[in-house]
Amino acid sequence: MASSGVRNGVGPRMSAKPDRQGAGATPKTAAGKHRVSSAGGAGAYRRTSSGPLPAAAGGRAASDGVSSRVRVAVRLRPRNAEELAADADFGDCVELQPELKRLRLRKNNWESETYEFDEVLTDFSSQKRVYEVVAKPVVESVMEGYNGTVMAYGQTGTGKTFTLGRLGEEDTAARGIMVRAMEDILADITPGTDSVSVSYLQLYMEMIQDLLDPVNDNIAIVEDPRTGDVSLPGATVVEVRDQKSFVDLLRVGEAHRVAANTKLNTESSRSHAILMVNVRRSVKGRTEMDVSISGENGLSSSLVGSLRPPIVRKSKLVVVDLAGSERIDKSGSEGHTLEEAKSINLSLSALGKCINALAESSPHVPVRDSKLTRLLKDSFGGTARTSLVVTIGPSPRHRGETTSTIMFGQRAMKVENMVKLKEEFDYKSLCRKLDIELDKLIAENERQRKHFDDEVERIRAEAQCRIAEAERECKITLENEKMKYHEEYLDSIRILEEKWKVHQQSPKKQNKEAESTSNDTGEVHNLLQNEKMLRQSAEDEASDLKNQISHWKKLEATATAEIIKLQKMLDAEASQKEKLEEEIGVLRSQLLQMSMEADETRSLDKGDGPGKIFPGLDSLVSQTRGSQPREQDNGQKQPIAKLFEQVGLQKILSLLESEEPDVRVHAVKVVANLAAEEANQEKIVEAGGLTSLLMLLRSSEDETIRRVAAGAIANLAMNETNQDLIMAQGGVTLLSMTASDAEDPQTLRMVAGAIANLCGNDKLQTRLRVEGGIKALLGMVRCGHPDVLAQVARGIANFAKCESRAATQGNKMGKSLLIDDGALPWIVKNANNEAAPIRRHIELALCHLAQHEVNSKDIINEGALWELVRISRDCSREDIRNLAYRTLTSSPTLEAEMRRLGIKM
């Protein structure tokens with residue numbers, strides 16, 4: 001009987017010998033087929049299609065696309081040990097002619113058919129050779145901006161997973177196409193401006209499951225109603241920066257991929273694996289224009305910026321490892337493995353029908369018959385450059401499957417794709433660039449204005465100093481001259497008085513001295529004349545000083561006029577600045593409008609997600625737009641990310657304390673939307689957003705505010721660092737109080753979600769119980785709403801899983817805290833709940849509780865043993881069934897009780 005299992009990442013062994021054909025061989029440009037009959041000799045050669053192929057990594061495609069045929073290569077697997085023994089007396093059913101790119105298929109000993117492919121790879125072809133001729137041209141096209149697809153198709157056990165997904169950890173020469181393609185991509189990108197992200201999925205039983213997040217097991221396909229492009233917005237997207245992290249992601253994905261042991265392959269893939277590599281590259285070398293704005297005073301300031309937004313190329317590489325087609329009588333599939341085989345064959349059949357319709361140019365292509373054909377809609381008949389490798393085996397026992405594979409490849413070679421360059425404008429980058437240029441201009445203007453003000457102050461201070469110095473010197477000079485003339489006048493009077501006294505004392509000499517007196521009188525007269533002249537000179541000098549003072553005052557008036565003139569120039573510069581800011585505002589509004597249109601287009605691809613703006617945000621958005629022109633579409637709202645950039649986180653957080661209830665409601669909704677993005681969570685916590693949300697939870701009586709605040713805290717609680725901060729600030733106590741007061745199911749769902757996230761932290765188990773977290777979870781069961789019960793069940797499952805892990809590591813010895821708090825009766829009651837999410841979490845919680853032997857008696861007393869037996873037999877999830885089975889068979893107490901009750905596993 002075939003047994004299902006989990007892939008360990010190792011594919012079928014194939015030869016790694018060098019290819020006999022040169023690596024530089026040019027692939028043929030046409031596909032064909034001819035028939036050879038041994039009875040009639042060489043038959044006529046007949047071509048089924050012809051025409052030149054475009055270069056694999058050619059230049060940029062025109063706007064309407066360039067036709068490119070699907071390139072198909074065939075690879076032969078060497079004989080394995082079983083075939084060497086069983087088919088020792090028989091020759092291979094195929095004969096390769098790699099130099100002619102032909103393959104001859106022997107139908108019997110007398111008749112054979114020859115087929116022509118783009119490349120024929122022998123059983124000695126190396127992995128490097130396969131990558132260079134099959135995938136490297138597609139990878140080069142992806143780096144040029146085109147979408148590309150590499151796919152492997154063939155019978156189970158022929159080496160598809162070996163060709164595509166081999167990790168090559170033991171032998172680097174055995175690396176598959178996935179690893180080699182990522183090496184070339186990472187070597188060609190620029191880390192600063194380019195980015196690479198990957199998603200790894202599997203299509204299992206017509207359900208798209210995330211191999212990087214196994215809990216995400218039913219991802220929806222979203223189709224653009226205008227372009228018809230399909231996307232998977234619910235898939236995990238991881239940014240890749242180095243080869244090691246990418247290999248680790250592949251290893252994680254391969255560990256979760258479903259595989260089974262069949263007669264044809266010990267590790268047969270039971271699902272289609274799909275690796276999506278998204279490449280975002282900036283296009284350099286575009287011309288830019290200069291914008292010059294002149295002021296009224298003749299001065300000009302230049303704003304150097306690009307009116308043409310930067311161009312980015314967003315391309316996608318899809319690597320598809322299809323599950324092998326098989327015949328039930330040969331593979332020996334039965335039971336669940338049989339159902340898996342039916343699902344695989346149905347999806348491959350749907351793919352074959354689409355290939356036939358495209359090859360025959362049918363007006364209807366049934367792409368909606370399977371999720372596989374919907375995912376590959378762009379690869380066949382779409383805009384991607386596609387390369388297909390079909391793998392075959394040499395055994396004549398599988399001639400029918402080999403023929404079917406070859407015919408599939410022949411039909412695929414007739415499919416034409418219209419490859420298109422994936423370019424778009426990067427409006428956000430242009431906005432950031434213009435903001436930087438505006439900040440530079442404002443800083444330069446402020447610097448010049450400050451320099452001008454400093455210069456005016458310096459001139460004014462210098463003029464005042466000069467005037468004060470001139471006045472002081474003039475005053476000193478006048479005082480000195482006055483004192484000098486006064487002293488000379490007193491000396492002259494004193495001399496005259498002395499002479500007068502002598503004249504009075506000597507009358508006898510009066511006559512003799514009359515002449516002398518007359519001479520003295522003349523001398524006095526001369527002295528008086530000299531004094532008058534000196535006084536006149538002093539007055540003239542004083543007048544000169546007054547003239548100098550008047551001159552300095554005129555200079556001061558001139559300086560004042562110059563200051564007034566400079567002030568007018570400053571006003572003109574301010575006016576010019578205002579005009580400049582107005583023009584930049586107009587440019588920014590136009591760019592914002594174009595950015596919003598681009599965001600609207602992208603939002604149609606993604607649908608309404610958790611990051612959608614709340615309906616009541618119009619008032620807050622209008623504050624950020626200011627004087628910008630309104631959008632023509634009345635219903636268009638600005639994205640939360642743009643609101644975050646325009647308003648700023650501090651302004652949004654400050655609105656949480658507003659006195660107006662509507663403002664607080666809108667603000668907390670914006671914070672909740674921002675908290676949903678992991679990139680914003682650290683900024684919110686650093687800015688005090690977590691504290692503000694807890695304060696709202698403590699003080700607000702508005703049910704809407706408490707509900708949205710609890711949702712934001714639940715988003716922040718997904719980060720382990722934030723979980724410690726929430727516990728440190730009493731967050732669990734506040735959430736417990738909210739849970740006891742609230743009656744609204746949505747509020748209780750948010751609170752339960754926050755506590756459930758905290759329950760997943762191993763270090764917080766005891767504190768959660770002490771602060772009432774478990775009691776609060778169980779108390780919310782009173783609501784009875786399915787969404788609330790699902791979150792409660794998830795929290796209990798997380799708590800039980802952490803306890804089980806701690807017990808396994810030896811860190812916990814006693815009975816489960818959940819059992820102590822009375823959670824077990826509710827778990828048993830809801831173990832078979834009709835709602836699948838509730839039932840799945842409860843089943844996991846019950847399995848984890850039963851893994852710890854000390855809980856076994858309570859499990860038996862509460863009747864949980866019967867539920868464990870039911871889970872091990874009837875659970876729809878295979879992993880949970882296996883977990884329940886291992887738990888029952890590994891517990892001595894539970895085994896003894898089952899023997900006593902006569903229960904057989």
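For the numbers below, each heavy atom of this structure counts, side chains included, while hydrogens, waters and symmetry mates do not.
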Intermediate values then yes/no, side-chain hydrogen bond (donor to acceptor under 3.5 Å, both in side chains), E853 and T893: CA-CA 7 Å; E853 186 67 18; T893 304; 2.3 Å; yes
So with a 6.0 Å cut-off around [atom1] of [X], is the heavy-atom count from everything else above 12?
X    : atom1 : result
K801 : NZ    : no
E169 : CD    : yes
M695 : CE    : no

How close do [X] and [Y] get, heavy atom to heavy atom, and via which atoms?
X    : Y    : result
A712 : A675 : O-CB, 4.0 Å
R839 : N833 : NH1-O, 2.7 Å
L789 : G784 : CD1-O, 3.9 Å
H272 : I344 : CE1-CG2, 4.1 Å
A742 : E703 : CB-OE2, 3.8 Å
L758 : L768 : O-CD1, 3.5 Å

V732 vs I755, side chain to side chain contact (heavy atoms under 4.5 Å, CB included): CA-CA, chis, key distance, verdict: CA-CA 7 Å; V732 174; I755 297 178; 5.7 Å; no
Any non-hydrogen side-chain atom of [X] less than 4.5 Å from a side-chain atom of [Y]?
X    : Y    : answer
R881 : I871 : no
K371 : I221 : yes
S804 : Q851 : yes
H852 : T808 : no
M182 : V277 : yes
L865 : L894 : yes
E867 : I842 : no
E339 : R270 : no

Determine whether a donor-acceptor pair (N or O, by modelled atom type, separation under 3.5 Å) exists between the side chain of [X] and the backbone of [Y].
X    : Y    : result
E862 : I827 : no
Q791 : R749 : no
R257 : S271 : yes
S199 : T236 : yes
E803 : L817 : yes
S692 : G688 : yes
Q209 : L201 : no

Salt bridge (Lys or Arg N to Asp or Glu O under 4.0 Å) for D242 and K244? Distances and angles first, verdict last. CA-CA 6 Å; D242 54 63; K244 181 179 180 301; over 6 Å; no
Please say which of L883, N798, T887, I796 ends up in a side-chain contact (heavy atoms from CB on, under 4.5 Å) with H848. L883
Hey, is [X] close enough to [Y] for a salt bridge, meaning N to O under 4.0 Å?
X    : Y    : result
D217 : R840 : no
R706 : D702 : no
K683 : E686 : no
R241 : E239 : yes

As a quick check of understanding, evaluate side-chain hydrogen bond (donor to acceptor under 3.5 Å, both in side chains) for E206 and S343, giving each step before the final call. CA-CA 7 Å; E206 280 302 303; S343 176; 4.8 Å; no
Take S816 and N855 through the side-chain hydrogen bond (donor to acceptor under 3.5 Å, both in side chains) test and state the conclusion after the steps. CA-CA 7 Å; S816 170; N855 299 328; 4.7 Å; no
Determine, step by step, whether R251 and E254 satisfy the salt bridge (Lys or Arg N to Asp or Glu O under 4.0 Å) criterion, reporting the C-alpha distance in whole Å, the side-chain angles of both residues, the deciding distance to 0.1 Å, and the verdict. CA-CA 5 Å; R251 188 181 298 109; E254 287 297 321; over 6 Å; no
Please test E843 against R870 for salt bridge (Lys or Arg N to Asp or Glu O under 4.0 Å), starting from the C-alpha separation and ending with a verdict. CA-CA 10 Å; E843 289 172 346; R870 180 192 60 78; 3.7 Å; yes
Side chain to side chain contact (heavy atoms under 4.5 Å, CB included), that's the test. Do N278 and V198 meet it? Break it down for me. CA-CA 6 Å; N278 296 289; V198 300; over 6 Å; no
